[in-house]
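Notes follow once the structure below has been shown.
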Number of protein chains: 4
Amino acid sequence: MIVPVREFRPGAKGIIFGSTHEQTRGRSGVARQKARTSKADATRRQLLDAALSVIAAHGYSEATVDRIVEEAGVSKGVAYYHFSSKADIAESILVEGIGELITSFETIAAEAPTATDALIAMVELFASVIFENDAFGRFFVAELWRPGRAWSEAMRGHEQRLLALLQAQLERGQREGTVRPEIDAAFEAVALVGMVLTTTLYYIGEGDDLAEARSRFVERIRDFVHHANAVAP
Amino acid sequence: MIVPVREFRPGAKGIIFGSTHEQTRGRSGVARQKARTSKADATRRQLLDAALSVIAAHGYSEATVDRIVEEAGVSKGVAYYHFSSKADIAESILVEGIGELITSFETIAAEAPTATDALIAMVELFASVIFENDAFGRFFVAELWRPGRAWSEAMRGHEQRLLALLQAQLERGQREGTVRPEIDAAFEAVALVGMVLTTTLYYIGEGDDLAEARSRFVERIRDFVHHANAVAP
Amino acid sequence: MIVPVREFRPGAKGIIFGSTHEQTRGRSGVARQKARTSKADATRRQLLDAALSVIAAHGYSEATVDRIVEEAGVSKGVAYYHFSSKADIAESILVEGIGELITSFETIAAEAPTATDALIAMVELFASVIFENDAFGRFFVAELWRPGRAWSEAMRGHEQRLLALLQAQLERGQREGTVRPEIDAAFEAVALVGMVLTTTLYYIGEGDDLAEARSRFVERIRDFVHHANAVAP
Amino acid sequence: MIVPVREFRPGAKGIIFGSTHEQTRGRSGVARQKARTSKADATRRQLLDAALSVIAAHGYSEATVDRIVEEAGVSKGVAYYHFSSKADIAESILVEGIGELITSFETIAAEAPTATDALIAMVELFASVIFENDAFGRFFVAELWRPGRAWSEAMRGHEQRLLALLQAQLERGQREGTVRPEIDAAFEAVALVGMVLTTTLYYIGEGDDLAEARSRFVERIRDFVHHANAVAP
DNA sequence: GATGAATGAGGGTTCATTCAT
DNA sequence: AATGAATGAACCCTCATTCAT
């Protein structure tokens, strides 16, 4: 019995769920203000959105600040008013995005009746999110294993928490007797993330009819994960 | 009964199997000559090796030609004598590396008695290769899904062939009744590549005792793949 | 009766008449702005002036951007902020310079009472301009017949208009009965430009006392042109 | 009465008259040999021909040694065996070409019955030569007034001799009473060269039917020169 | 808060020239 | 005589970042 994924969705906000404003406080020059004006906030959000689309299209290194501010329709100066560097912009995107994922995973973990339900819901949510925001997905894969990337501790921590949440459910499943005991939960968590990410992007890249493809895709991921992990009936 | 993977290995040479020289002829300015001197060939190989290590450490964009030639111990000019651009160097690495993988996969496909044997051998070989040459693996993951990458048709073709070889064995397995019929072979092939790549790099990154870790790792990949695909007994 | 050339001179400004700023708007990255700040405009002009002097001294190919910005006393970056390339800088000079010549020629054409007056005034003005700004003259000759030059359509168009203005007066002269009817006006226009350019530069190169030399020189050009074209009395 | 130009033509040889080998001795490494082998000579000639065509097409600065040796079908090493530098190659072309012109002019000067005959013959020959070898003509114009050009004394000397030969005939014409006494012979010589060069190239550039255009063209040059210089009847 | 002109280090690439073979 | 691999100085251009206004 699968927990309906939709219910786990937090109120729409943030990068990956298409929010329009507010949320994580950066460490930028504006952070000291108790309440940012909505104008400033809108500018910040515009910059993040523009940055995400530019980075998704060309990769982090090839994305230039010029291009980002042009896409955002603001001047170059503001970018450096709201963020301390180009890396700061990019990391904000990643941290916010993964943060949302973590929040959702935590909700799922807390509410799902069984480990199996939780795992399937997590994988499905993950895949859906990437499917609907491939810009973020593309950036995520590229950075996750990019050699020499220099994101902060915060970023590393976020990655670890995301993996830990999956790993925890796998271990819970082993205790519940629904996940094969010989499985290495840490290994499996990485495998899941890698697989979801790569297959999703592959599918999107195919240029199929997305609406139709998505449900088939989620079905496949679910099936794959199920068989890979489930104790034989 | 598993076909011993080792026997499929072609004579050690080339990028990913640690060759020392010779092999694929590039399309560089020098390519028209019938037989490059071994000296020139050595220089070319030095450049490729140096480039691979630099790119693996810092990523393609951050890798500078200056750094590559310094590592190779040659002048900047030769790099452009042997290759037409920085991208050409990088692509040569990728194409040669994937080319070797393809060759090995083809051998496996031709010799393995069953689809299951072939699949396991392929995945095992793939994982082993990445495990032993993480520089190549790192470059491969980074480029495979990098947004806006501009490798040539040749590169695209190589990727497709690699996936096709896996897909073919999955389909063969379905015909042989050992791979679940509801599986989408194309989807599965992508999932396998993504999973092997990401988990391998994760493992290497952990900094464990590699020698020991490797056999456990290969075991896990094999187990995962088996359960995900095999028809329940 | 010769129309006094001086009266045709438009208000002194621009490249060839020694202006200090403003005027033609380039098609550079900054061009979309409604009104550049005078500071930015000054920088742009400094770059053009510096470029002209460097190019005049060493030729386009030998002129380096480094040298130009050094001469202009600005950083390398601004050069590319105001212009899209080295070629763009050079072409701006040419286009602005020829543009001024065209404007003057048009004024002369409109005001001169006879074709003969117009022709003499044009040639005299042309020679004077080159005489006083040999940097521009040198660049002009070099580029006008340089093989493989790749200036834009705008540049080609300007050349054509300049020649057309001369040609029109020659034809007018033929109608007025003061220019020999057997003359090919198009051919003659080219001959005039080539001759003025080459002889002027030759004279300047001689290093004579310029002030004195100039009037003798203009006299000779005028005499030469007169005899070459005039209907015998 | 015009001296038939054709008779002044020296036996076909050299750059501009389409010779096949031999002639001016360079200061290259081969110069000490009393008699170059015909093989070496052929190579040298191939290089000069290739260089001329490349330079004519792209200009001196844009012409690369690589391109020249490729066009000549020889290796890069030989180029530096036969010539000391790229500039040496280019200058050899210029010096040989102008040298032939000088020789022809001297013949004309010695044989023409009157200054008028000589002048017309010279201009006609000059125009014909450029007309038939526009590669040389293009190179000549480009270099003659190129700022910062650094050809040797030999080159300067050749230019001076060419001008001097024209100037001498103009002065002879003044003594003979056929050239207007008020003309400055030195000035006029420069004007003639500049005009012939520029109009010829203009004509060639037009892409007209060359065969037909040429005679009309020569006629115009002759007419122009005649009227510009001749004492009114 | 916001602008856009300015900076300058450094990147990829070209090319005349040299030299071992 | 000839080859072609190798050198390295320079060149054009990019771009993250700063700062006066």
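Sequence lines set the chain letters: A, B, ... in the order given, protein chains first and strands last, and positions in each chain run from 1. Keep in mind it's a predicted model, so treat the numbers as computed, not measured.
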Practice task
May I ask you to establish whether A:K86 and A:Y80 are in a cation-pi arrangement, using a distance under 6.0 Å from NZ or CZ to the six-membered ring centre and at most 45° from the ring axis?
Solution key: no
Quick one: [X] [atom1] to [N] [atom2], roughly how many Å, whole number?
{"X": "A:R44", "N": "E:dA2", "atom1": "CZ", "atom2": "C1'", "answer": "17 Å"}
{"X": "A:L47", "N": "E:dG1", "atom1": "CG", "atom2": "C1'", "answer": "13 Å"}
{"X": "C:F83", "N": "F:dC12", "atom1": "CZ", "atom2": "P", "answer": "15 Å"}
{"X": "C:R45", "N": "E:dA6", "atom1": "CZ", "atom2": "C1'", "answer": "19 Å"}
{"X": "C:I89", "N": "F:dC12", "atom1": "CD1", "atom2": "P", "answer": "10 Å"}
{"X": "A:E70", "N": "F:dC15", "atom1": "CD", "atom2": "C1'", "answer": "14 Å"}
{"X": "B:I68", "N": "E:dG11", "atom1": "CD1", "atom2": "P", "answer": "11 Å"}
{"X": "A:H58", "N": "F:dT14", "atom1": "NE2", "atom2": "C1'", "answer": "15 Å"}

Problem - Qualifying residues under salt bridge (charged side-chain N to carboxylate O under 4.0 Å, His left out), relative to B:E62, sequence neighbours excluded - result: none
At what distance, to the nearest 0.5 angstrom, does [atom1] of [X] lie from [atom2] of [Y]?
{"X": "D:I93", "Y": "D:F140", "atom1": "CD1", "atom2": "CZ", "value": "13.5 Å"}
{"X": "B:Q46", "Y": "B:E71", "atom1": "CD", "atom2": "CD", "value": "11.0 Å"}
{"X": "B:Y60", "Y": "B:I55", "atom1": "OH", "atom2": "CD1", "value": "7.0 Å"}
{"X": "D:L47", "Y": "D:L52", "atom1": "CG", "atom2": "CG", "value": "12.5 Å"}

Problem - D:H82 side-chain N/O to F:dA2 phosphate OP1/OP2 under 4.0 Å - result: yes
Handout entry: Pair assignment for DNA chain F - dot-bracket with | for other-strand partners, Watson-Crick or G-U under 3.5 Å
Key = .||||||||||||||||||||
Problem - Step-by-step side-chain contact (heavy atoms from CB on, under 4.5 Å) determination, B:L48 to B:S92 - result: CA-CA 8 Å; B:L48 288 177; B:S92 295; 3.9 Å; yes
Problem - Taking every non-hydrogen atom, the tightest pair across B:D66 and B:V69 - result: O-CG2, 3.2 Å
Practice task
Summarise how protein sits on nucleotides 15-21 of chain E as a single string, 5' to 3': B when a protein heavy atom is under 4.0 Å from the base, S for sugar-phosphate-only contact, - for no contact.
Solution key: SBBB---
Handout entry: Pair A:E96 + A:R44, salt bridge at N-O below 4.0 Å
Key = yes
